Amino acid sequence: MDESKTHLSGTIPHSRPLIGRTEASAVANILQSGQIAQGSEVHRFEDDFVRYLGGGYAAAVSSGTAALHLVLAAMGIGEGDEVVMPSFVCTALLNAVNYVGGVPVLADIDPASYNLSPSDVEKRLSPRTKAIIAPHMFGGAVDMKSLSKFGIPMIEDCAQSVGGDYRGRPLGTIGAASIFSFYATKVITSGEGGMVYSSDKGLIDRVRDLRDYDGRQDYKVRFNYKMTDVQAAIARVQLSKLEAFIERRRNIALQYFDELTAFKLKLPEQKKGHIYYRFLIQPEANIEMVLRAMTAEGVGIARPVNKPLHRYLGTEGFPETEMAWERTLSVPIYPSLTDNQVQTILKILTKSL
Ligand SMILES: *Cc1c(COP(=O)(O)O)cnc(C)c1O
């Protein structure tokens, strides 16, 4: 792209964290204290998080991937155990199952929600299935009720959906355990960071044991997956802003729905409890054209999933995932977008349709 080109709109990135002075002063306090690795601020963040979800137990870790790895290990999933996950997701899930020597089993999605299709999951179950990783993708809940009928432990992946709910229950509190990510592009951030949550104290105790190798009497394979107090200080402030962040996301989504329903375009499901981490559209026209038009005007638009897992693995049999990957785009939606920017995005987008 021509670097000298000035965009009418200025550049609008696909995602951008909203970090303010409160986060900066919280970090300054931690730095001055001299306790900058995992310490009391991490414990305070865990307490805040548990309070936010209305009870239970939580262990903060260094990333969402680390959270997935440790929850699988703490559940005793290992060599040869099958773990079901959707294909329309990032490779973090695949990595985590491979870290413990498990066998990833991919399933297709429900095209309406872009989440795991329970009827497809059912076809992929076997006597060796030990867990289902059920992500609530793009801020909307997966059909937990249908998935729970299989009687297989479920790990809710809430990396994209902290603060959302399913039939009035906070996401993350429904399955056997859940994981969260605080990576820079997520709903709330600490740069990098993650959380394992469960109502099972024993499980969280095992995660705590595994995340830190130092100062033990016994030896077993443990990890260094600790969150730092610096990260926790940022994350605590972000968590206090979560409700406001979600309100702003829903407000932007409404502006998109208002304008775009007049066009021939598949839009996200409008469901209570959705937090619109991403706003997915399926234009009738070739998405490459929409991608190029938006990019040329400086609007960060992207495929919502880089590449489906079955494509990395060279396998077939995921028609809905294929279709979603080929046709779906994600338009910018985050709390720091101004209404002017939202209107600019809409103007450029509708012109390109
Ligand atoms: C981002 C993400 C992860 C991994 O989190 P990291 O903090 O980047 O390791 C896992 N699952 C989903 C659905 C994600 O979006």
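Only a predicted model underlies this, so the values are computations on that prediction, with no experimental measurement involved. Both counts, for ligands and for their atoms, begin at 1 and track the order of listing.
Partners of Asp258 according to the salt bridge (Lys or Arg N to Asp or Glu O under 4.0 Å) rule, which considers only residues two or more places apart in sequence or in another chain, do not exist here. A search for side-chain contact (heavy atoms from CB on, under 4.5 Å) contacts involving Glu247 returns nothing, not counting sequence neighbours.
Clustering of Ile, Leu, Val, Met, Phe, Trp and Tyr side chains at separations under 4.5 Å places Ile30 together with Ile19, Val27, Leu31, Ile36, Val230, Ile234.
If you look at Tyr334 and His14, their ring centroids are not closer than 6.0 Å.
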Can you produce the list of protein nitrogen or oxygen atoms under 3.5 Å from a nitrogen or oxygen of ligand 1, alongside each distance?
from, atom 1, to, atom 2, distance (Å)
ligand 1, 5 (O), Ser181, OG, 3.4
ligand 1, 7 (O), Gly64, N, 2.8
ligand 1, 7 (O), Ser181, OG, 2.7
ligand 1, 9 (O), Gly64, N, 3.4
ligand 1, 9 (O), Thr65, N, 2.8
ligand 1, 9 (O), Thr65, OG1, 2.5
ligand 1, 11 (N), Asp157, OD1, 3.4
ligand 1, 11 (N), Asp157, OD2, 2.6
ligand 1, 15 (O), Gln160, NE2, 2.9
ligand 1, 15 (O), Lys186, NZ, 3.0

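Using the six-membered ring where Trp is involved, His274 and Tyr276 have ring planes that are parallel, under 30° apart on the 30 and 60° scheme.
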CA sep, side-chain torsions, deciding dist, call: Leu291, Leu329, side-chain contact (heavy atoms from CB on, under 4.5 Å): CA-CA 8 Å; Leu291 247 170; Leu329 290 173; 3.7 Å; yes

